[in-house]
Amino acid sequence: MISLSSYYITLLCRTANQKFISALRRKKCIYTNLCFSSCVIMPSWRNCPNTSPFFVSCRRLEASERPLQMVYDYLAAMGYADPVRVQQEAANSDLSCLIRFYKRPVNADQQERTLLKGVFSVRKGKTQLHKWAERQVILCGTCLIVASVKDSLTGKMHILPLVGGKVEEVKRRQHCLMFSSAGSQAQTYFVNFDTLADYQRWHRQASKVSKRQISLVDLSCYSLEAVPEYLFYSQDITHLNLRHNFMSLQGPGGLLNLPRFLQLKSLNLSHNRLGVFPECLCEILTLTELNLSCNNLHSVPEQIGNLQSLQTLSMDGNHLSSLPEELGGLSQLNSLGLSFNNFSHIPAVLERLSSVDKLAMAGNRVDSLELCTLARMSHLKNIDLRLNGLRWVKSESLEAVSQVTQLDLRDNCLDSLDLSSICNLETLHCQRNQLGTLTLSGFTLRMLYASSNRELNRASSTVNIYPVPNQLTHMELSQNLLEYLPDWVCDCRKIEMLDVTHNQLSELPSRLLNSLSLRKLLAGNNRLQRVPDLLDHVPLEALDLQHNKLAKLPESLFYKALNLKYLNVSANSLESIPPSSQSEESLSTLQELYLTGNNLNENCGALLVGHQNLRVLHIAYNQLLSFPASKLSKLELLEELNLSGNKLKTIPSTVSSCKRLHTLIAHSNHITVFPEILNLPEIKLVDLSCNELTEIQLPDSLPATLQELDLTGNSSLMLEHKTLNLFSHITTLKLDQKTTTTPGDSLSASTPWSHGYSEMSGQRNKLCVSVLAVDQFGDGVEACYGIFDGDRNEEVPRLLQCTMGDVLCEEVQHSSVDNVYMCNTFLTSHRKLGMAGQKLGASALLCYIHHEPSDPGGYLSLTVANVGTCQAVLCRDGRPVPLSKVYSLENCTEEMERVKFNKAIITEDNKVSGVTCCSRLLGCSYLSPWVLPKPWVHTESLCSQDEFLILGNRALFERVSYQEAVRTVQAVRDPRAAAKKLCSLAQSYGCKDNIGAVVVSLHIGEDSCTCEPPVSTTEPRGPPLVSVPVSVTSGPTDTATLSSSSGIVSEFNSETSASEVGSEAGSTASDEHATSGPVSRPERRCSLHPATTLPLCGIMVPGSAGTGTHPGLFQRQPSCATFSSNQSDNGLDSDDEAPLEGVISNGSKLEVEVDIHCCAFQLRSGAPDNLKKSPSTSSLFGKKMSNGSVVVPEDSHNLIEVALEAPKKKSGYFTAPAQQDPEDQLIVPPSLEQEVREQLRAQSPIVSGPSAPSTPPSLKDTVWDNPHPPAFASNPVPGPGPVPILQQEVYDTAL
């Protein structure tokens, strides 16, 4: 037998060797002893007893199957279209995580069924007739197997069932046990062990087996082709689970031998690719439960009638279109699963199955339903006809259908529904249809779910129920167009929950709110202008009135609804809130109060005192100038407080009285003094970003519970070394990085966009959303932004964050077609996820701003690609323009049909196999072909009317509409503050999941011109642009340095590690220091309107291309040593102080914004060929780690091993001094030295400011007089006014 495991790599790597390929194809026999796996797991997974839903899928190849063709078909199904690219991907070793070939199948001994195994002296029988001999002894399952040592699994085996038998000690022989089976013809074996440890181990395990009454055997997910022979000796097996295998009919352990189990009652053979119904199963007359789901069955044999004891028969996910008449003779059958087959009507044989009470036919092709058919099936009570494409339900006779109590018609095409003849209906699901009218009988109706029927509008007769449903307890009518509620709703005596959100209601009936049974009322996102007064005490517990037009609430709300625990009135026009009681004593039980987005002032603080049980208070984006200190101290049970977006200058010191407070969010205020919250014992999260903090007064020690502290956007904040060391234990510390202005800053400032982002973890302890943000991507004026949502896992989003930017940059080099390079970026990233992407997955969205390939210097375009539920919206001329496609089963009909066609099981919550609601994800490769990584790609040309771009995950846009998101960003302008506001609003609107938002502010001129518009004297779009005070002298021997007034900021920047201090990817337009006068900088020019440049060794002057790179000069970029704490304790050179933009890590000790995604590709375009690689950049082009660090490229197929091994810093910040990099020099070639000298001498002093410290004598004049000059710190640049210092640095680095 030829081993294809070695041929596989050779074949894929040498696809040009046609002779080898032809020879391999001719030798079909070599395929017949191989296994194929579409989702391979590591051995550690194989040892896990509970691997669901992740499993091994391995089968033996047929003689006609060819591995090459199978690999190509697999890649084509993923989304690769180019045959050449398919060949390249097939040769990639990373593909083994998706598809792999084995030399032989897994044998029974490797399946963790063997408890003990060894070679010992064995004697058979109690007499002395048999001699002692060396034998292989295996304690497997419930049997003792004795075989020859050489052929332990293939030769003759003696199997001794131990259940009910005996395991006894032989006293006359040392370390010897006697094993006896039960029954009249019991057999006995003596086993002599070598050591006492072996003896005790076997005695203990075998005794447990002999005393156990085994009835259930689980062999699922083991790629079996046959049942292990030893199992047939355990005659007491009643339940056998063989799902997710590749069982064959023939062979010693094939399906033909299953009738040997004489007591078998339950048999699960689902997901075995049987192709045909095994008739031999009809001979197991003891069966009561049989599962044959997902086996590509096309018919059921007539012999099924032999199984008279059968009670449950599951045949979901097959290709059945009819059932035999013999099935009707199964009198005891009470459950029949026929979902996701090809039935076009309800089988008539069901009329004879009198014991079946549930009809499960979801996902078939039943397009019409006649109620008279159900009337003839008088035994059916529960009917599931989801996802059938039903177009009409009618009743041709007046015959009543009295037996049906539950009916599920979700996700069909019904435009009207009259079920009045079903007189005993209790529960109806009819969501996501196109219903215009709905008529029901109300005699026994208890639950009605009719959301997302956009045709239910205006006329009160659209939902007609007669008589009044007095038994109705739950009713959901959300996502419709109802203008008012039907009158009968107020007459329901037992209604407990009513959901009418996202309608067009202008009023609520007074009788409804005063109902004595209503406990939960959801009426948000309507047009309500008033809420009726409460006349008496009501049992209302939850009230949601957000997104209406309310100016006030009923005065008696809180002291009439004493059971009220949840109230959300966000996004209204409230100017005050009602009092908690009529007297000083309050009986309020309110626990959660959401008041965000109203017009409340500080007077409302006094009215909150009565709610002493309050745990969550959101009062963000109101008009609060202060919060009464005495009132805040009364809220002792408060756990979460959100005061963002107000006009607060301070938070009262009485906040320290809230001992249970764990979350304080107060960003976007005018707070100047850090609140006294670090003494609270349970504090976990503090967000004081976008304020005016100047200093922080800290206690001697911080609480161990503090996990996240956000201080970004406080431009005047200066932190001492002691403060930073106290912060060292915080998991996530977000700070602005104060640095000198470098050429990188100039390039950043010259880009026609800036960004801000925000992430919130909600109620979960881990953040499963990651952001990619690169303002300068590639060589020219380009940018890349992305957001990745792992739902419940954080590994895949981090991996995508670290790798996807590099993958995009590589793909752009290979193709100029947007659909091609974006699609390949997603597919390659899917492959690079490695083992992590088999079980886990994530939604992903990537935005690439670039020039058209046909006109590299002209128009700008925005290319967006996404999978899953992450979305992007562009604000154009004040209106939202959606750019993405939501790939969820509920929102995309085409994807639903594709998943149904591939026979996936879609659960009632519209999830593929109960795992995910998305039909396209990166990762989750074990769900292929149902879930694919191929993205939606869309390209939009940018114009001057485009104001900004918003990226968000599912949780954001479920709560915040496109229109509201656009209005929110327009009102805030600053990208960082806008992103934070979007997340805060989503939380206040009731979101409990992870939230992520990215806001990209665009400044595109006419015809996509990227020239900077003239400086305006009007109020800027966001916080004013400021710069560090600097001074530049006119002489060629003087160097311009930072003013000593920068003090702590300067020292902080020079010594703090980039892997420890970072910022939250905030607005790139608001991170500099304030100055006393106007600031000018080099004017940004585009290639459509170029200006003159001064060819001084690549030094940029006003009018030069702000984003270009001189052919002979390339900009220094961060290297591995810059970000890795393995190099030194601080990890940052004194000249590495440029703002580091880009990948934001979620799980490192400190989040750092690092521009590492495109540095390699900027160097690649402008690097001379003869440069030598320096040690400091030896790993510049390595893989990024999850904390923003860079590691050397590895051959590992599993990138999660790299991304999750981020360095964890445990010591202080300043234990090692910063080191000057000797290579950070500007080299002036001798041929240009005289020209540069003359140009600089011709300039006059252009920057005014505090005088700079004197330059050390050792540095004066050396640049001009030395053949090999040292570092040139800064260069005077001509211009009309003060400009930032431009530091040019040259590397002797070869790519």
Side-chain angles (χ1 to χ4, degrees), residues 478 482-485 498-515 518 520-535 538 540 542-561 564 566-582 588 590 592-611 614 616-628 631 642-648 959-961 963-964 967-968 970-971 981 984-985 987-990:
S478 61
L482 296 173
E483 293 184 350
Y484 49 86
L485 293 176
L498 176 62
D499 185 357
V500 289
T501 57
H502 292 278
N503 279 283
Q504 298 178 2
L505 301 176
S506 57
E507 62 176 355
L508 291 176
S510 177
R511 288 193 300 157
L512 175 65
L513 206 61
N514 286 279
S515 170
L518 188 63
K520 185 176 183 179
L521 175 60
L522 307 179
N525 295 90
N526 280 283
R527 301 175 180 177
L528 301 177
Q529 297 183 0
R530 59 177 298 273
V531 178
D533 293 330
L534 298 181
L535 304 179
V538 295
L540 195 64
L543 178 61
D544 189 345
L545 297 172
Q546 60 176 293
H547 284 91
N548 281 286
K549 300 179 181 179
L550 300 175
K552 64 177 182 177
L553 295 175
E555 193 73 13
S556 59
L557 176 62
F558 292 124
Y559 53 85
K560 291 291 187 180
L564 190 64
Y566 175 94
L567 175 62
N568 194 330
V569 288
S570 300
N572 281 284
S573 302
L574 299 177
E575 296 182 356
S576 64
I577 58 175
S580 59
S581 65
Q582 292 177 304
S588 172
L590 190 66
E592 298 183 46
L593 178 59
Y594 299 88
L595 299 169
T596 297
N598 285 283
N599 299 320
L600 301 173
N601 54 33
E602 56 275 8
N603 296 329
C604 69
L607 300 173
L608 295 173
V609 177
H611 305 292
L614 204 60
V616 178
L617 175 60
H618 283 224
I619 194 170
Y621 296 99
N622 282 278
Q623 305 297 323
L624 299 181
L625 298 176
S626 64
F627 199 98
K631 310 303 179 184
N642 192 332
L643 297 169
S644 304
N646 286 284
K647 301 177 182 179
L648 300 175
R959 299 291 177 174
V960 182
S961 65
Q963 292 78 8
E964 184 178 4
R967 290 195 304 268
T968 298
Q970 283 179 324
K981 182 174 182 180
S984 292
L985 291 180
Q987 277 195 334
S988 294
Y989 297 162

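Although no hydrogens or angles enter the test, the distance criterion places no donor-acceptor pair under 3.5 Å between the side chain of N598 and the main chain of L550. Looking only at distances, no side-chain donor or acceptor of N599 sits under 3.5 Å from a matching main-chain atom of E575. Proximity of a side-chain donor or acceptor of N514 to a complementary backbone N or O of P509 within less than 3.5 Å is not detected. With hydrogens and angles disregarded, no donor-acceptor distance shorter than 3.5 Å links the side chain of D533 to the backbone of L535. Listed for the N646 side chain is a donor-acceptor partner under 3.5 Å among the backbone atoms of N622.
The shortest side-chain heavy-atom distance between Y989 and H547 falls under the 4.5 Å cut-off. Contact check for I577 versus L608: side-chain heavy atoms found under the 4.5 Å cut-off. Taking 4.5 Å as the limit, some side-chain heavy atom of L505 sits within range of a side-chain heavy atom of L482. Counting heavy atoms from C-beta outward, N642 and S984 have side chains that approach closer than 4.5 Å. Within the 4.5 Å cutoff, no side-chain heavy atoms of L534 are placed close to those of Y559.
Listed here is the closest heavy atom pair of G524 and N548: CA-ND2, 3.9 Å. Listed here is the closest heavy atom pair of L590 and Y566: CD1-N, 3.9 Å. Taking each heavy atom of H618 and S988 in turn, the nearest pair found is ND1-OG, 3.0 Å. Listed here is the closest heavy atom pair of L540 and K520: CD1-N, 4.1 Å. Of all heavy-atom pairs between L512 and L485, the closest is CD2-CD1, 3.7 Å. Closest approach of S576 and L600 over heavy atoms only: N-CD2, 3.4 Å.
With values rounded to the nearest 0.5 angstrom, E964 atom CD is found 5.0 Å from T968 atom OG1. In this structure, K549 NZ and Q529 CD are separated by 6.0 Å, a value rounded to the nearest 0.5 Å. Note that CG of D544 is 8.5 Å distant from CG of L521, once rounded to the nearest 0.5 Å. Residue D499 holds its CG atom at 4.5 Å from CG of L522, rounded to the nearest 0.5 Å. The line from OG of S570 to CZ of R959 is 11.0 Å long, rounded to the nearest 0.5 Å. Note that the SG atom of C604 and the CD atom of Q623 stand 11.0 Å from one another [nearest 0.5 Å].
Pairs of residues two or more places apart, or lying in two chains, never qualify as salt bridge (Lys or Arg N to Asp or Glu O under 4.0 Å) while including a residue from residues 594-609.
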Verdict with supporting geometry, V616 and Y594, side-chain contact (heavy atoms from CB on, under 4.5 Å): CA-CA 8 Å; V616 178; Y594 299 88; 3.7 Å; yes
side-chain contact (heavy atoms from CB on, under 4.5 Å) evaluation trace for L553 with N572: CA-CA 11 Å; L553 295 175; N572 281 284; over 6 Å; no
Pair S588-L614, side-chain contact (heavy atoms from CB on, under 4.5 Å): steps then yes or no: CA-CA 9 Å; S588 172; L614 204 60; over 6 Å; no
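A search for side-chain hydrogen bond (donor to acceptor under 3.5 Å, both in side chains) contacts involving N526 returns nothing, not counting sequence neighbours. By the side-chain hydrogen bond (donor to acceptor under 3.5 Å, both in side chains) test, S478 is found to be paired with no residue, residues two or more places apart in sequence or in another chain being considered.
Here the options are N568, L574, V569, the test is side chain to side chain contact (heavy atoms under 4.5 Å, CB included), and the partner is L545; only V569 passes. The side chain to side chain contact (heavy atoms under 4.5 Å, CB included) with L557 is formed by just one residue from the set L513, V538, V531, L567; it is L567.
Ring geometry, H611 versus F558: the interplanar angle exceeds 60°, so the pair is classed perpendicular (tilted spans 30 to 60°).
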